[in-house]
There are 2 protein chains.
Amino acid sequence: MTTSADLKTIGLKATLPRLRILELFEKSEVRHLSAEDVYKKLVEEGNDSGLATVYRVLTQFEQAGLLTRHHFEAGKAVYELNQGEHHDHLVCLQCGHVEEFYDADIEKRQEAIARDRGFRIRDHSLHLYADCARNNCPHKGKA
Amino acid sequence: MTTSADLKTIGLKATLPRLRILELFEKSEVRHLSAEDVYKKLVEEGNDSGLATVYRVLTQFEQAGLLTRHHFEAGKAVYELNQGEHHDHLVCLQCGHVEEFYDADIEKRQEAIARDRGFRIRDHSLHLYADCARNNCPHKGKA
DNA sequence: GTATATGCAAAACTTTTGCATCCTT
DNA sequence: AAGGATGCAAAAGTTTTGCATATAC
């Protein structure tokens with residue numbers, strides 16, 4: 001749980017929109033949310049909120065390291081709570097479900113590849129796009 | 001080199017815009033081009049071209065397997081010629097230069113990870129974002 | 001009280017679509 | 001000749017920005 005103090009620590013005033021957006025990510029079952037997703041949820045909850053503020057807050061949170069931004073294959077960005085542990089993404093093309101994974105071997109190879117070429121990795125993204133199951137997508141039919 | 005015949009093979013008429021765009025990718029030093037990049041180059045060359053056509057053609061070429069689309073971290077898509085050999089990308093955050101690489105170990109691990117979870121990989125993207133060298137970016141200073 | 005943040009509306013960008021005209025086959 | 005392709009303009013979708021008002025400290 002993130003508190004007002006945490007926001008101040010990163011140099012941001014603990015305003016209502018910021019607290020609400022953070023809480024939303026912390027309580028959401030769906031980890032990856034777009035600006036539009038966040039905006040809609042805020043509106044559903046009542047209390048007015050502006051889409052522009054959502055974009056501004058998401059950007060600030062990303063710069064502060066609270067959220068991580070991804071682009072996947074769609075034309076818009078999605079954000080997820082940054083909980084320290086790095087992971088990559090396995091995205092089902094059929095139902096859109098996202099699973100996360102971490103593989104130490106892959107991480108090591110990436111480091112080695114960059115080092116061999118004289119690069120220092122700052123960030124990376126690995127997305128596997130796949131079909132999760134035949135007709136009955138376990139995440140679609142939730143069976 | 002791609003010819004009119006190749007376009008017909010994939011069910012597309014060999015029109016001037018399509019031939020010009022394909023040639024552009026084949027002759028370009030920069031492998032990754034956005035729709036806007038392509039459009040500008042066509043305009044520079046003379047002969048009128050519409051941005052809408054560029055988008056349509058790029059999409060068709062991608063569906064036909066001639067081009068591959070990537071999203072990197074910017075808000076727009078870039079395309080590159082699909083020359084058969086799969087590869088991943090190492091992008092320099094300082095100078096924007098893109099190097100390509102292929103690592104069999106990583107490919108194998110990806111397959112294994114997806115298989116373990118019951119997924120079948122259709123596509124994937126691995127992007128390493130890094131700094132290529134200290135001040136004198138080899139690709140910036142071309143030294 | 002002051003500086004910062006918000007909300008609204010307008011703008012900037014990327015991409016898509018409708019439609020009359022043009023070009024390839 | 002016929003159907004698909006193009007170009008223009010308008011629209012749709014995402015993200016940014018200007019500015020007056022409201023809020024946190």
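Below, read A as the first sequence line, B as the second, and so on, with proteins coming before strands; counting in each chain starts at 1.
- As judged by a 4.0 angstrom heavy-atom cut-off over every strand, A:R56 is placed among the base-contacting residues.
- The B:T15 side chain lies nearest to D:dA5 when the options are D:dA24, D:dA5, D:dT16.
- When the nucleotides C:dT16, D:dT15, C:dT15 are ranked by their closest atom to the side chain of B:A77, C:dT15 comes out on top.
- Side chains of B:Q83 and B:R31: a donor on one and an acceptor on the other come within 3.5 Å.
- Which of C:dT6, D:dC25, C:dA5 sits closest to the side chain of A:A14 comes down to D:dC25.
- Within the 4.0 angstrom heavy-atom criterion, no nucleotide atom of any strand lies near B:S34.
- Rounded to the nearest 0.5 Å, atoms CG (B:D88) and CD1 (A:I113) are 7.5 Å apart.
- Atom pair B:K8:NZ and D:dA5:C1' shows a separation of 15 Å (rounding to whole Å applied).
- Comparing A:A52 and B:Q60 by the nucleotide of DNA chain D whose heavy atom lies nearest to each, the residue mapping closer to the 5' end is B:Q60.
- Nucleic acid contact class of A:T53 (heavy atoms, under 4.0 Å, all strands): base.
- Side-chain atoms of B:H87 and B:E99 form no donor-acceptor pair, as typed in the model, at a separation below 3.5 Å.
- The interatomic distance linking B:D37 (CG) with C:dC13 (P) rounds to 15 Å, in whole Å.
- The nucleotide whose nearest atom lies closest to any side-chain atom of B:K13 is, among C:dT4, C:dT24, C:dT15, C:dT24.
- When the C1' atom of C:dT6 is taken as reference, atom CG of A:L42 falls 13 Å away, rounded to whole Å.
- We find that CD of A:Q63 is positioned 13 Å from C1' of D:dT16, with the value rounded to whole Å.
- For B:L19 and D:dT6, the CG to P distance is 10 Å, given to the nearest whole Å.
- With the nearest nucleotide of DNA chain C identified for both B:L51 and B:L16, B:L51 has the one nearer the 5' end.
- Aromatic ring centres of A:H124 and B:H127: separated by at least 6.0 Å.
- If you check every strand for non-hydrogen atoms under 4.0 Å, B:K76 touches sugar and phosphate atoms only.
- Taking atom OH on B:Y39 and atom P on C:dT15, their separation rounds to 15 Å, with Å as the unit.
- A:E36 places its CD atom 15 Å from the P atom of D:dA12, with the value rounded to the nearest Å.
- In terms of phosphate contacts, B:Y55 brings no side-chain nitrogen or oxygen within less than 4.0 Å of OP1 or OP2 of C:dT16.
- Residue B:A35 has its side chain nearest to C:dT15 when only D:dT6, D:dT15, C:dT15 are considered.
- Distance CG (B:N47) to C1' (D:dG7): 14 Å, rounded to an integer number of Å.
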Just distance, no hydrogens or angles: give the donor-acceptor pairs under 3.5 Å from side chains in residues 50-64 of chain A, sequence neighbours left out.
residue	atom	partner	partner atom	Å
A:T59	OG1	A:Y55	O	2.9
A:Q60	OE1	A:R18	NH1	2.9

